[in-house]
Protein chains: 2
Amino acid sequence: MNTTHTERADADPPVMRVSAVQQPEDRVFAALASPVRREVLRLLRVQGPQPVAELAAHFAMARPSFSEHLKVLREAGLASETKVGRQRLYQLEAVPLHEVQEWLGPFEQFWRAKLAGLSALLDSLEDDES
Amino acid sequence: MNTTHTERADADPPVMRVSAVQQPEDRVFAALASPVRREVLRLLRVQGPQPVAELAAHFAMARPSFSEHLKVLREAGLASETKVGRQRLYQLEAVPLHEVQEWLGPFEQFWRAKLAGLSALLDSLEDDES
DNA sequence: GTGACAGGTAGGAGATTTCCTACCTATAGT
DNA sequence: ACTATAGGTAGGAAATCTCCTACCTGTCAC
């Protein structure tokens with residue numbers, strides 16, 4: 001049948017308003033949106049902690065630009081720095097990535113179904129609340 | 001004279017240049033960067049396929065703005081639409097999320113170590129690059 | 001001390017994102 | 001045919017992102 005009432009829409013259900021202050025989770029997802037920053041995280045993972053210059057060598061951009069990327073990673077909690085002499089060792093902080101993983105978790109059955117060609121299972125899940 | 005001939009930097013190792021054309025993976029991560037779009041994906045997951053109006057009811061924004069968000073999700077391959085009469089049913093397409101999951105995979109041991117308080121293990125992995 | 005080096009901040013240009021209002025297309029019902 | 005509904009596109013304002021050059025701070029070497 002039709003829906004119970006006409007679209008009263010934003011009165012009854014919880015309406016999402018994008019808050020001015022960024023939630024921690026938002027910062028993490030936003031940080032991952034840049035290919036440069038994802039590559040930095042990968043480098044920190046496979047090569048371990050290293051100074052800025054060593055990381056920056058992989059990117060064709062001016063140093064201050066790269067510095068900004070590091071700042072975004074720091075503020076998302078994805079990297080930390082340790083001062084060693086006049087250099088700063090950057091280190092991967094992976095815990096926030098765990099939150100991303102947890103966000104993805106509930107979706108897993110869907111792509112699993114799709115990848116296994118089990119569209120039937122998918123459909124049954126989807127039609128379940130109708 | 002700011003020529004940087006003292007830096008071996010971008011000669012030897014592969015230098016990352018952010019390509020003008022967005023890779024498919026970039027689109028997916030970029031799509032996930034918005035809290036609005038993540039919430040849309042969640043709604044499609046827990047409530048199944050539904051028309052635009054039903055989805056839009058959860059957000060305090062004008063319809064065309066919401067329409068743009070749907071476009072981003074479509075172009076990232078995260079949602080598909082099916083015309084049904086004069087409405088369009090949007091459906092979750094979860095497969096691209098699998099790629100995100102796979103990107104996260106190699107980081108898992110790091111947050112596992114951290115969450116278990118096994119910093120020792122973490123350090124041994126990091127120093128492994130010899 | 002002076003100078004070189006590592007890396008950050010300041011401020012701004014240009015591109016992109018995000019939102020808006022106005023308008024268009026397609027379908028359903030009368 | 002005419003009107004209402006569903007939802008998209010067009011174009012633009014404002015905010016944000018990404019990059020730059022110029023400059024500043026802190027540390028090592030002399």
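Remember, predicted model here, so these are calculated numbers, not experimental data. Worth knowing before you read on, the calculation uses all heavy atoms, side chains too, and leaves out hydrogens, waters and symmetry mates. The chains referred to below are lettered A, B, ... by the order of the sequence lines, with proteins before strands, and numbering in each begins at 1.
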### Task
Check every strand shown and say whether A:P64 touches a base, only sugar-phosphate, or nothing at a heavy-atom separation below 4.0 Å.
base
Just how far, in rounded Å, is [atom2] of [N] from [atom1] of [X]?
X	N	atom1	atom2	result
B:D26	C:dT17	CG	P	11 Å
B:E68	D:dG7	CD	P	16 Å
A:K71	D:dC17	NZ	C1'	13 Å
A:L70	D:dT18	CG	C1'	14 Å
B:M61	C:dT17	CE	C1'	12 Å
B:Q22	C:dA15	CD	P	16 Å
B:R63	C:dC24	CZ	C1'	16 Å

### Message
For DNA chain C, which residues of residues 73-90 of chain A approach it to below 4.0 angstrom with any heavy atom?
### Response
A:E81, A:R86, A:Q87, A:R88, A:Y90
### Message
Do B:L89 and B:L44 sit in one hydrophobic cluster, given that two such residues count as connected whenever their side-chain heavy atoms are within less than 4.5 Å of each other, even indirectly?
### Response
no
#### Entry: Same apolar cluster (I L V M F W Y, side chains within < 4.5 Å links), A:L78/A:V72
no
Hey, is the main chain of [Y] close enough, under 3.5 Å, to the side chain of [X] for a donor-acceptor pair?
X	Y	answer
B:Q50	B:G48	yes
A:H98	A:V95	no
B:R37	B:A30	yes

[N] OP1/OP2 closer than 4.0 Å to side-chain N/O of [X]:
X	N	result
A:H69	D:dC19	yes
A:S67	C:dG8	yes
A:S65	D:dT18	no

### Query
Taking the six-membered ring of B:F107 as reference, does the NZ or CZ atom of A:R45 fall below 6.0 Å from its centre and within a 45° cone about the axis?
yes
### Query
Can you list every pair that meets salt bridge (charged side-chain N to carboxylate O under 4.0 Å, His left out) and has a residue in residues 93-102 of chain B, with sequence neighbours left out?
A:K114-B:E93
### Message
Heavy-atom nearest nucleotide on DNA chain D for A:A30 versus A:F66: which residue maps closer to 5'?
### Response
A:A30
### Message
Using the side-chain heavy atoms of A:S34, tell me which of these nucleotides is nearest: D:dT18, D:dC20, D:dG7.
### Response
D:dT18
